[in-house]
Structure formats: C-alpha cells, structure tokens
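Just so it is clear: chains get the letters A, B, ... in the order the sequence lines come, proteins before strands, and each one is counted from 1. Values in this document were obtained by computation on a predicted structure and should not be read as measured data.
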2 protein chains.
Amino acid sequence: MADDTLRIDRSAKTLRTLALERMREAIMDFHFQPGERLVERPLCNQLGVSRSVVREVLRQLETEGLVQMIPGHGPAVAKPDLGRTDEIYELRALLEGIAAKACAASATDDQIALLDATLAKLLEAWASGVPAEVMRATTKFYEALFESADKRVAWEIVSGLNVRINQLRSMTIASANRREPAIAEMHEIMDAIRSRKPEAAEAAARRHVESAWNIARTALLVSGEGKADLLGRDEAHSGQSSL
Amino acid sequence: MADDTLRIDRSAKTLRTLALERMREAIMDFHFQPGERLVERPLCNQLGVSRSVVREVLRQLETEGLVQMIPGHGPAVAKPDLGRTDEIYELRALLEGIAAKACAASATDDQIALLDATLAKLLEAWASGVPAEVMRATTKFYEALFESADKRVAWEIVSGLNVRINQLRSMTIASANRREPAIAEMHEIMDAIRSRKPEAAEAAARRHVESAWNIARTALLVSGEGKADLLGRDEAHSGQSSL
DNA sequence: TGTCATCTTATGGTATACCATGATATGGAG
DNA sequence: CTCCATATCATGGTATACCATAAGATGACA
C-alpha cells in the first residue's frame, strides 16, 4: 500500500505562499532597501501575480514586521529598529542562553551529531567568505540548537527578532576580524553542550550574542557619525530592482 | 439572516483595521470556538465587509497565530498549543521576570504611581468577579509594567504568547481559590518594585507566572482525564455563534 | 512675479464577478 | 446496503471597477 512513487505532491505551495517567500527573501537580502516604497501595482508586475495576492502578502509581511504601512502612503520596507537594538540583543542573549542550556542538559547523541554537522557547514560558510552564506548557515545552526533543546516557540521568537535587526546582523558578520572570534565562540558553545555542561553552554551562548552586540554597537556609532546612512535614504531609490 | 451583532460602522480608521480588531476580539473572547471553521463568505456577511477585507484580515490573524489555515479547508480558529504550554509559561516567567527586575531598577516615581493605579484597577476587576474583566485589567497592568521597564519588544512577545494560551489563562483566572493568591502575588511584585529590589521583583514575577502555570497544568489534567474537551470538538459546532 | 485655487493623476481602499480545483454531500443504480 | 456519479460548496487565484484622497502640476489673479 505505502507506495509513494506516484503520490501527488500534496504540499503544492499556493501562489501566495511563493510570493510571500520571494518577497521575504528579497527584503532580507536587501533587494529592496529599507525605507523603500513598495508600490502595489508595480509589485504585481514584478512578481507576476495579481493585486489581491500582493496585498495579502504585504499584510503578512506587515505583521511579521518586515513591512511598515505608512498612513496615506502605503507600504514600505521597514527600517531597522534602531531604538530597540539593545533590548533585542538582550532578549536574544536570554533566549539563546536558555536554548543552549537546555540543549546541554537534554540533547541526545544524535542531536549533538546533527549540531556538529551544521556547525561544520557554518565553518565552510565562513571559509567561503560570503556574508549571506554565513548568515544562512548561522540560522541553520541555531535552528538545530533550538530544535534539540525542544524550544520551538523560543526559536520562532528569535527568528522574529532577527528580522528586525537583519541589517545589523549582516554588518556584524561582514565586519573585519569577526571571523576568528565568532568561530571560537561557536566552538565554546558546542564544547559545553558536548560535555553536558548546561551552565557553561548558557554562558557561552550569551557571550556570543554579547560580542555580536558589541560589534553592532560600534557599527552603529560609526555609521551614526559618518554618513548617517542606515536609516534608509529618501533620495533616488532603486526603482524596479528586478526580482 | 442578517446577523448584525458584529457589523462595524465605517467611520474612523480603515475598514480593514476595524474588521481586524473586531475579529481578534471575537476570537479572544471565544465568540468563535477554537477549531471552528471561519468560512470566508459568511464572515463577509457577519462583518458587513467585502471578501478582500476578510481575506486580508485572515492573513494577518494567521501570522498572529490566532487563525490556522487547514490545507484544503481554509481558515479555522487556532486551537491552543497544548504541546507547548510548558515552554510558553517558561518564557513568560523569564520575560516578566526581567521586566519586573528592570522596572524595580529604573522606574520613575511617576511610573510607579501609574503601576499602583493599574494594580488598583486590577483589584477592582477581581472584586467584580468577571473573568474577562480580570484578564483585561491584568493585561493593562503588565503592559504598564513592561512600559515602565522600557521593554517594549518583550511586551510584544509576551502579548503574542498570551494569545496562544488564551484559553488556559481564562481557565486559571476562573479557577477556584485563585483570587487571593493571585492578589497576594501581584502585591509582592509591586512591593519589590516600590522598594527598589530588582532581584526580589524578578523572583516575585516568576513566582506569579509559575503559580498560574501550576493551575493551568492541573486544569489540563482534569480536562484531559475528564471530558477531553479543550482541544475543540469536531461535533456539532455552534454554527452562527451569534456575536 | 508670487501666491493661491483648481485640476489631474497616482495610489490605496473597497467591492464584485469570474474561473478552476478540490472536498463534501447526496442520491440513484447495482 | 454499497458504491459511484453528480451536485454543491468553499477555496485559491485573478481581473476589474469604483471611490476617496494626497501630491503634484497648472493656471489665473493680485
């Protein structure tokens, strides 16, 4: 009976889902600049879908925090939450801390092996030097960490926080001399988990977030003094930004 | 036919916003049962708005976690996250703890006065004995607490968690003998904040969540053994559920 | 020439109509 | 009574049409 060979792909993604993923990715990869207007009708053309679909997608991205509705002007790519970065990093430290702790306390050997594998991929990504790859691999690693810790809700929250500081994260990853310390910090976390030391794992995870936080802070200072960019420019925006 | 009980008057904000708020409230107040199907076109009639509006509202409620899309069946009121309640209460304890701590450490006298006022309202609500009132007043109190602690993001997260255990919360509030302990716990939190003892405030806040958690756990056990309700029944659902 | 009123246009918001598909219910044939 | 064909319904997806408003362009008058 169980012959799946000709079973139809039941998970047929709806057009809206595809459009949603595409848009989310486009925003997170900065194909749209923060602050850039997202005019509905042009978006229909760019995505090749109808306005209804675009509008529903925009509503979802809005509640996800990736898109802001400017009253009287419609949707725009959300600008980063500069006033809340401290709190966001604090929460990340807290949550990633408890995940690492729980993981060290209760992960199975299989789960630890999986974590090792994703960590290896993360190292490869660092070696490649492509920031977007590093970010993706980092996300994968943490996803596995939270999964092993059985903290799915916490993972959803952390993911939500990360979209709000997406720019900061990519800046910290691209920052000079971040590579060696980051790798060392990740190894500390894994070592503590492997040797089943919950407290040490929690501390290591918090340290990792805190060091990223420090980088982000100095990055903010620099861009704050210098060109005062980051807040999204109002000048000529990239317009059609082909998807 | 025309069930005008939740028809909205289009005057101030956008129609979609009004419909969203109305629906959110209706779900949280159990005018729709968990698991109940939310068929689009009937909803249009009940709300008195077009399908576009309903669909966009449903998308938003979906990403907020109040509505689940059942593949091939469309939207339904989300059932509570019974498998995740432990994690949710754990996170609430963590977050309300840090808010209370920060509040005790840095709240101004004005803010403390405001907290006292909301606490007084909460006591009134308990005196009234109306669970929905108690819930509302509790929410107000915590909102003020997080605001005074300058933890807006954390508050958003806690609010999000609360919608996922909305039923549990109303059960714990309605539970017998909850009133006196709850009031005592809240006073402990406020006393610690007033006397500027961050650690004590954090501990008190955590204790409060944990005792609610215990009530919720026993409530779950009872309903689990007993009628096995709570998960939302598939039998005759209330249909038009006059709002 | 400068200011103000008006017109136009772009945009968002809302309402419907339509189609294809998949799920469910119904009712008749065997 | 069972099983299958059909009808019905709900949904996802699309396309339009209409209206209100805000921004920008135009033009008249002081």
Side-chain angles (χ1 to χ4, degrees), chain A residues 6-23 32 35-63 66-78 234-237 239-241, chain B residues 1-4 6-23 32 35-63 67-78 234-241:
Chain A
L6 41 110
R7 168 152 275 124
I8 293 180
D9 179 17
R10 221 70 175 70
S11 65
K13 307 218 178 183
T14 98
L15 192 54
R16 208 188 56 243
T17 310
L18 291 175
L20 176 64
E21 285 166 5
R22 190 78 119 251
M23 280 298 295
F32 295 106
E36 182 176 339
R37 292 280 306 277
L38 295 172
V39 186
E40 293 182 358
R41 279 167 250 239
L43 267 186
C44 298
N45 298 332
Q46 291 179 269
L47 291 165
V49 299
S50 80
R51 218 180 133 203
S52 322
V53 174
V54 166
R55 284 180 65 91
E56 289 177 32
V57 164
L58 287 176
R59 293 287 94 75
Q60 279 185 263
L61 292 173
E62 181 192 356
T63 74
L66 279 159
V67 163
Q68 286 175 320
M69 298 299 295
I70 308 170
H73 287 272
V77 178
D234 305 315
E235 334 97 58
H237 67 291
Q240 289 303 72
S241 76
Chain B
M1 182 97 198
D3 179 4
D4 286 12
L6 54 80
R7 168 166 269 111
I8 71 190
D9 62 340
R10 46 194 327 165
S11 48
K13 294 171 267 189
T14 82
L15 200 48
R16 213 188 49 248
T17 309
L18 291 174
L20 176 64
E21 285 166 5
R22 195 63 60 100
M23 279 298 295
F32 295 106
E36 182 175 339
R37 294 277 307 276
L38 295 171
V39 187
E40 293 182 356
R41 277 167 249 240
L43 268 185
C44 298
N45 297 333
Q46 289 181 272
L47 291 164
V49 300
S50 80
R51 227 185 115 200
S52 323
V53 175
V54 167
R55 285 179 64 91
E56 289 177 33
V57 165
L58 288 175
R59 294 286 94 75
Q60 273 182 269
L61 292 173
E62 182 193 354
T63 73
V67 162
Q68 283 175 319
M69 299 300 295
I70 308 170
H73 287 270
V77 178
D234 305 312
E235 333 100 56
H237 69 290
S238 58
Q240 289 302 72
S241 74

Colleague: Using whole Å, report how far CG of Leu38(B) lies from P of dA10(D).
Modeller: 13 Å
Colleague: Base, sugar-phosphate, or nothing: which does Arg16(A) touch, judged by heavy atoms less than 4.0 Å apart?
Modeller: sugar-phosphate
Colleague: Is the distance from OP1 or OP2 of dT14(C) to the nearest side-chain N or O of Ser50(B) less than 4.0 Å?
Modeller: no
Colleague: Rounded to the Å, how far apart are Leu20(A) CG and dG13(D) C1'?
Modeller: 16 Å
Colleague: Expressed in angstrom and rounded to an integer, what is the separation of Ile70(B) atom CD1 from dA10(D) atom C1'?
Modeller: 13 Å
Colleague: Starting at atom CD of Glu56(A), determine the distance to atom P of dG13(C), rounded to an integer number of angstrom.
Modeller: 14 Å
Colleague: Take the protein atom CE of Met69(A) and the nucleotide atom C1' of dT11(C), then report the distance between them rounded to whole Å.
Modeller: 11 Å
Colleague: Find the distance Leu58(A):CG to dG13(C):P and express it as a whole number of Å.
Modeller: 10 Å
Colleague: Can you check the Arg41(A) CZ to dT14(D) C1' distance for me, whole Å?
Modeller: 15 Å
Colleague: Rounded to whole Å, how long is the line connecting atom CD of Glu40(A) with atom P of dT14(D)?
Modeller: 15 Å
Colleague: Once rounded to the nearest 0.5 Å, what's the spacing between atom CE of Met69(A) and atom OG1 of Thr63(A)?
Modeller: 12.0 Å
Colleague: By nearest heavy atom, map Val39(B) and Val53(A) onto DNA chain D; which one lands nearer the 5' end?
Modeller: Val39(B)
Colleague: Are any of Arg51(A)'s side-chain N or O atoms less than 4.0 Å away from OP1 or OP2 of dA15(D)?
Modeller: no
Colleague: What nucleotide among dG13(D), dG12(C), dT14(D) has an atom nearest to a side-chain atom of Arg37(A)?
Modeller: dG12(C)
Colleague: For Val49(A), which of Val57(A), Leu43(A), Val54(A) qualifies under side-chain contact (heavy atoms from CB on, under 4.5 Å)?
Modeller: Val54(A)
Colleague: Run the salt-bridge test on Arg59(B) and Glu62(B) with the 4.0 Å N-O cut-off and return the result as yes or no.
Modeller: yes
Colleague: Test side chain to side chain contact (heavy atoms under 4.5 Å, CB included) on Glu40(B) and Arg55(B); report intermediate values, then the result.
Modeller: CA-CA 7 Å; Glu40(B) 293 182 356; Arg55(B) 285 179 64 91; 3.1 Å; yes
